[in-house]
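A short write-up of the structure that comes next.
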Amino acid sequence: MMKFRFRRQGTDPQREKIKQELFAFNKTVEHGFPHQPSALAFDPKLQLMAIGTKSGAIKIYGAPGVEFTGLHNDTTAVTQIHFLPGQGRLLSLLDDNTIHLWELVAGPLRESVIMSRLLSHPNLFATRVTVLLLLKSCDLLCVGTEGGGVYFLEVPSLSLKDNQTLVFVRKGGEVLDSKAFLPDDYRCGKSLGPVEALQEHPQQSGKILIGYSRGLVVLWDLSIRHAEQLFLGKQQLESLVWERSGNLFVCSHNDGGYSVWAVTSGSTCNHQPVSSTIPYGPFPCKAISKILWRTTQAGSPVLLYSGGMPRASYGDRHCLTIQQDKDHVTLDFTSRVIDFFTVHSVEQEREFDEPSAVVVLLEEELVVIDLQTPGWPSMPTPYLAPLHSSAITCSCHISSVPPKLWERLVNAGKAQQRLFSKLVYTCHEDGTVRFWDASGVALTPLYKLSTANVFHTDCDPSDDPQDPSNDPDMQQEEEEWPPFRKVGCFDPYSDDPRLGIQKISLCKYSNKLVVAGTAGQVIVLGLSDERSDHLVDVSVVDLLYDREGFTWKGHDRLEPRSKPAPFPPGFQPLVVVQCLPPASVTAVALHAEWNLIAFGTSHGFGLFDYHRRNAVLARCTLHPNDSLAMEGPLSRVKSLKKSLRQSFRRIRKSRVSGKKRTITTPTSKVQEANAALAEQEEVAPVQRRIEPRSADDSLSGVVRCVCFADTFLRDGTHHGPTLWAGTNSGSVYAYALEVPGVGSGRVCERGGASESSVCVEAVLGKEIQLMHRAPVVSICVLDGRGKPLPDPYEASQDLAIAPDMTNAHSVLIASEEQLKVFSLPKVSAKTKFKLTAHEGCRVRKVAMVVFSSTAQEDYSEHTLVCLTNLGDMHLFSIPALRPQVRYDCIRKEDISGIASCVFTRNGQGFYLISPSEYERFSLSAKVLTEPLCFVQLDRPLEPTPTSRGPPPSGLHGNHSVCPTRLSYPKPPSTAGNCCCCGDQQAFHLGLGH
């Protein structure tokens with residue numbers, strides 16, 4: 001009689017309905033700073049800011065939580081953006097010479113696209129477009145080109161206006177389309193050169209300044225098509241700006257200077273400016289790319305310009321200068337200035353600009369300067385903080401943060417000059433950990449922790465005799481000129497790469513934090529509300545104490561400070577555990593209830609009691625051939641020839657093993673169970689066979705995961721603390737722990753000794769070797785109901801449902817090639833699922849997630865979420881490991897995105913889409929974090945092109961709907977005020993609030 005173990009079963013309609021109520025994949029929002037920004041715009045009426053990128057994206061920001069995103073069809077750089085003030089529309093110029101009109105419109109709440117392109121103007125111009133000017137009437141767009149022509153497009157149709165094209169060409173000394181004349185000594189060639197700047201007169205509409213690259217500026221009257229005045233500049237022009245009254249304008253030049261010109265009604269040709277200044281001369285300076293002139297009631301105007309630095313001494317600096325009377329400051333940034341604007345009064349009846357702030361878009365961050373406070377300090381931004389201020393090395397998400405911990409973190413963050421429930425923390429290359437509020441759409445910085453002051457680094461300022469800050473004479477000379485001030489938090493250069501944080505673990509109930517770094521340092525920190533000066537205890541754990549013949553060829557360990565160091569309020573170090581050899585830490589676990597931490601490197605794993613300050617366990621996992629493990633990630637001694645030889649050797653062995661595979665005699669009950677399970681089962685149709693790996697592979701001793709669990713390991717009647725560790729070679733080690741005051745009461749058996757005098761002990765209970773030696777990605781112990789064990793303190797303090805300790809437990813071991821459940825304490829295989837050999841599929845990330853139903857409030861399921869190297873998500877039921885759904889989430893070519901993916905407990909996730917941006921997604925049908933906001937517009941609300949029938953009558957007047965995209969504008973049929981979009985927040989940028 002034939003037996004079919006894997007019979008295809010029909011779909012259960014009831015189960016399919018439950019799946020729809022539990023699972024749904026959505027990419028919801030992008031966190032962080034836009035990658036490679038290229039353009040900036042500001043709508044003073046709606047208080048909206050737009051940023052364009054080199055990849056063709058446009059992102060609009062308002063108050064925190066007000067965000068919109070649009071994407072051009074082509075991945076072409078956005079070179080300019082211009083708002084139609086108050087209308088919720090904007091124009092974009094791309095690098096391919098096309099102009100696009102965008103518009104905010106109402107749409108479904110859960111639409112992924114929240115802006116849509118309306119109209120595109122093809123490349124009808126003979127030469128490249130250099131500058132756009134939208135007139136204040138918003139009905140005419142002036143287009144300046146590289147050939148010197150100025151074209152006029154009607155808005156919103158973007159059609160070329162007849163008989164309005166303006167092309168100045170010399171012909172017998174006369175400038176066509178005008179009665180003005182160029183002097184003989186000013187004539188040069190047939191064309192006047194590229195148009196560099198266009199500016200409309202602030203008081204007289206229809207008059208524009210046209211600035212040409214050669215330095216010529218023309219005041220042109222659109223109504224009579226006549227050049228009123230010529231301003232004959234001698235230096236190459238970079239930018240123009242009007243003074244508010246319209247009596248003068250300022251232009252900047254490529255020699256690092258700027259000129260002030262008076263606009264008079266008498267003369268038609270001005271040869272000399274009122275004043276001309278090179279602020280950082282007399283030596284050659286770089287060009288001033290943009291200049292702004294803002295008037296104040298106090299009398300002296302505020303002058304702002306980018307560039308202009310002396311070429312020889314400071315030509316590599318990225319600077320923005322602010323001047324007012326005798327006040328002068330040069331803001332020194334660490335990345336290139338893209339653009340900037342001022343927040344000031346734009347009402348026509350106001351006499352002065354009165355700027356309140358300047359917003360500077362840099363290549364890697366956004367900086368806001370307060371212009372109303374003496375000294376012009378920088379203001380913290382509520383969003384767009386640079387996640388990559390130092391390169392991100394790892395990240396983690398904590399849900400349901402206790403209010404007390406949250407409040408203490410916020411207070412610690414406020415002390416650094418800078419009720420929710422979701423917290424994201426990112427670890428960085430410079431040894432810092434940054435905490436972010438991830439409760440809403442905006443990822444808001446809360447608190448920054450630095451571990452650098454625990455150690456002496458390679459670039460310690462106190463050890464640098466040439467540090468200018470230690471020399472009063474050098475410091476005074478540097479303060480004289482230019483008056484530099486370092487601004488911004490983006491710092492791509494790490495003082496010491498060994499400081500980089502690789503792993504982190506936080507206990508939200510005990511306020512304990514463990515961070516582990518590149519040089520084998522594991523730091524235990526506690527949260528304190530007061531500043532402290534203390535010496536940090538250091539303990540050394542040698543993972544090779546019982547091995548001989550291994551020599552570490554990598555970097556040295558970090559030297560801890562020998563004197564007390566100051567630590568600000570927040571997380572402060574309690575003890576430092578230094579692993580030897582000082583290899584990068586690959587895994588870490590914290591159990592604050594037992595006062596234990598576990599850590600692993602490429603050489604082995606250890607267990608440390610941070611309460612009693614003693615090492616409990618040090619286990620080496622090195623194979624005799626693991627020579628690469630002794631070189632370290634920062635070593636330069638790795639031989640290319642050696643790597644190639646080992647690669648060919650692995651290929652040869654895999655071919656031999658594929659032809660003829662020999663199974664070694666099982667030496668334990670675990671191996672016997674694995675062999676029996678493999679022999680009696682046929683491979684399921686959706687699974688593939690696994691090729692065995694060689695035990696001689698390099699780095700086979702790398703510890704991939706460690707975890708704690710209170711479970712049955714010695715027998716089926718007594719449970720107690722255990723430690724589990726998995727390696728790159730498919731080995732799993734399980735240790736039974738004897739923790740004073742926990743478990744079966746060993747303290748009493750030793751004569752009633754106090755807990756402080758009794759040490760924690762670890763005894764090897766089980767050792768599992770997966771047959772195919774695939775790297776172990778995750779280990780999770782399941783209780784008698786098949787659910788993951790709760791976190792420390794959750795069960796003891798009734799913060800979660802107590803685990804089932806009456807029925808048998810099991811352990812779920814996820815390797816790169818398969819998922820497998822073993823029963824405890826016998827460690828016999830119960831079930832498994834293989835995800836291998838199918839287009840190179842390998843498991844990269846595993847997480848236990850609770851999915852709540854959208855139909856039943858009290859129904860939820862624990863599900864295993866698995867991310868593969870192909871970027872797809874697989875969801876499995878536990879402990880049966882039945883496949884539920886599969887989603888394509890990340891491109892398989894995006895290796896950094898797959899490696900950076902982090903899951904939350906409630907079915908959401910984050911992954912890096914660029915060095916500075918996280919993509920947030922949701923696998924849950926119930927839990928979504930997405931923008932819900934509204935914007936008050938000065939135009940009628942038209943129906944979207946995809947909507948059916950006329951818009952509801954309630955859309956007109958002062959009503960709120962959610963705009964989700966931009967659509968083709970239609971001629972307004974009704975007058976009135978409509979609003980589109982919905983979070984009901986104040987409509988301002990909210991910078992600094």
*Ring centroid separation for Tyr61 and Tyr383, is it under 6.0 angstrom?*
yes
*Taking side chain to side chain contact (heavy atoms under 4.5 Å, CB included) as the test, write out the residues that go with Glu364, two or more places apart.*
Ser335, His388, Phe490
*Taking Asp888 for the side chain and Asp872 for the main chain, is one N or O donor matched with an acceptor at less than 3.5 Å?*
no
_Take a 6.0 Å sphere around CZ of Arg886 and say whether it holds more than 12 heavy atoms from other residues, nucleotides or ligands._
yes
*Would you say Arg905 has more than 12 foreign heavy atoms packed within less than 6.0 Å of its CZ?*
no
*Are the side chain of Lys59 and the backbone N or O of Ala50 linked by a donor-acceptor pair below 3.5 Å?*
no
_Run the ring-ring contact (aromatic ring centres under 6.0 Å, His included) test against His397 and tell me which residues pass, sequence neighbours left out._
Phe910
*Please work out which of the three classes, parallel, tilted or perpendicular, describes the rings of Phe435 and Tyr447, given edges at 30° and 60°.*
tilted
*Residues Glu930, Lys27: salt bridge by 4.0 Å N-O rule*: no
_Donor-acceptor contact present, side-chain Thr28 to main-chain Thr929, <3.5 Å_ = yes
_Any side-chain to backbone donor/acceptor pair from Thr863 onto Leu875? Under 3.5 Å, distance only._
no
*Short question: side chain of Glu365, backbone of Leu384 - any donor-acceptor pair under 3.5 Å?*
no
*Check: Thr69 and Glu67 side chains under 4.5 Å, non-hydrogen atoms*: no
*asked:* With side-chain contact (heavy atoms from CB on, under 4.5 Å) as the test, pick out the partner of His428 among Leu499, Ile392, Asp491.
replied: Ile392
*Report the C-alpha distance between Asp74 and Thr76 in whole Å, list the side-chain angles of each, state the deciding distance to 0.1 Å, and finish with yes or no for side chain to side chain donor-acceptor pair (under 3.5 Å).*
CA-CA 5 Å; Asp74 300 325; Thr76 307; 4.8 Å; no
*Side chains of Val703 and Thr621: does their closest heavy-atom pair fall under 4.5 Å?*
yes
*Sequence neighbours excluded, which residues qualify as side chain to side chain contact (heavy atoms under 4.5 Å, CB included) partners of Cys427?*
Thr393, Cys394, Val433, Ile501, Ile504
*Verify, without hydrogens or angle tests, whether His874 (side chain) and Pro883 (backbone) share a donor-acceptor contact under 3.5 angstrom.*
no
*Measure the SG-CZ distance between Cys866 and Phe833 for me, rounded to the nearest 0.5 Å.*
9.5 Å
_Ring-plane angle category for Phe851 and Phe23, please: parallel below 30°, perpendicular beyond 60°, tilted otherwise._
perpendicular
